[in-house]
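Below is one structure; the comments refer to it alone.
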Amino acid sequence: MADSEVAEARPATRQEGAERAQREESEAERADRRWNELMQEIRVAQTGVQILFGFLLSVAFTPAFGHLSHTNRLIYITTVVLGATATGALIAPVPFHRLISGRSIKAQAVRWAARLIFLGLALLVATLTSALFLILRVATHDGFVPWLVGTVVAWYLACWVALPLWARHRYTTVPEEPAGS
């Protein structure tokens with residue numbers, strides 16, 4: 001089934017229709033553009049999560065690791081597993097594309113890649129939260145650590161979720177449908 005047939009099978013949202021009319025692009029061109037945009041976005045996230053994951057893996061081989069409490073070791077293990085899953089989700093669109101390339105399903109690949117990236121970013125927030133919690137617990141042994149970590153998580157959510165949703169709501173214009181449509 002060609003990309004244009006898939007697009008006809010799924011009705012476009014009002015926003016997609018407005019964007020397509022404004023850009024004057026075919027479904028295949030739109031899928032190509034959206035794929036390229038996703039790949040640009042993922043490059044930033046992949047680099048960060050891979051560096052963080054590499055750092056997390058190296059911690060277990062330091063002399064101080066042997067002195068961690070049982071609770072801190074569990075937090076560390078959780079952090080490593082979260083980092084591994086975030087890395088997997090953020091890298092997944094690349095092999096996904098390789099395996100479906102040439103099958104005329106790029107529009108679906110874009111949707112799946114976007115979902116994987118969203119999942120990867122959610123796992124990255126969890127990894128960063130867990131890593132920050134562990135580091136501050138070990139460094140300070142103080143009761144304010146959960147409050148500080150909670151504040152940082154709120155900052156992540158404000159920057160990564162609230163601000164984009166606000167901008168989407170504030171600046172997205174959707175042409176009204178004619179009466180009787």
Okay, side chain of [X], backbone of [Y]: is any donor-acceptor separation there less than 3.5 Å?
{"X": "R137", "Y": "T71", "answer": "no"}
{"X": "N72", "Y": "L68", "answer": "no"}
{"X": "T62", "Y": "V59", "answer": "yes"}
{"X": "S130", "Y": "A126", "answer": "no"}

From [X] [atom1] over to [Y] [atom2], what is the distance, rounded to the nearest 0.5 angstrom?
{"X": "R73", "Y": "T79", "atom1": "CZ", "atom2": "OG1", "result": "14.0 Å"}
{"X": "R103", "Y": "I100", "atom1": "CZ", "atom2": "CD1", "result": "9.0 Å"}
{"X": "I91", "Y": "I117", "atom1": "CD1", "atom2": "CD1", "result": "12.0 Å"}
{"X": "S69", "Y": "I75", "atom1": "OG", "atom2": "CD1", "result": "7.0 Å"}

Apart from [X] itself, what residues make up its hydrophobic cluster, given side-chain heavy atom links below 4.5 Å?
{"X": "V44", "answer": "none"}
{"X": "L163", "answer": "W166, Y171"}
{"X": "L82", "answer": "L119, L123"}

Closest heavy-atom pair, M39 versus P93, reported as atoms and distance to 0.1 Å, is CE-CB, 3.9 Å
Closest non-hydrogen atoms of L90 and I42, given as atom of the first, atom of the second and distance, are O-CD1, 2.6 Å
Exercise for the section: Give a yes or no on this: more than 12 heavy atoms of other residues, nucleotides or ligands lie within 6.0 Å of atom CH2 of W35. Expected result: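 Above 12, so yes.
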Check your understanding: Is the shortest side-chain N to carboxylate O distance from R33 to E29 below 4.0 Å?
Key -> no
Item to check | Within residues 47-90 or reaching into it, pairs that qualify as ring pair (Phe, Tyr, Trp, His ring centres under 6.0 Å) - sequence neighbours excluded | outcome: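 Output for this query lists F65-Y76.
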The complete set of ring pair (Phe, Tyr, Trp, His ring centres under 6.0 Å) pairs with one or both residues in residues 113-149, sequence neighbours excluded, reads none
Residues which pass side chain to side chain contact (heavy atoms under 4.5 Å, CB included) with I135, listed by chain and number, not counting sequence neighbours
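Here no residue qualifies.
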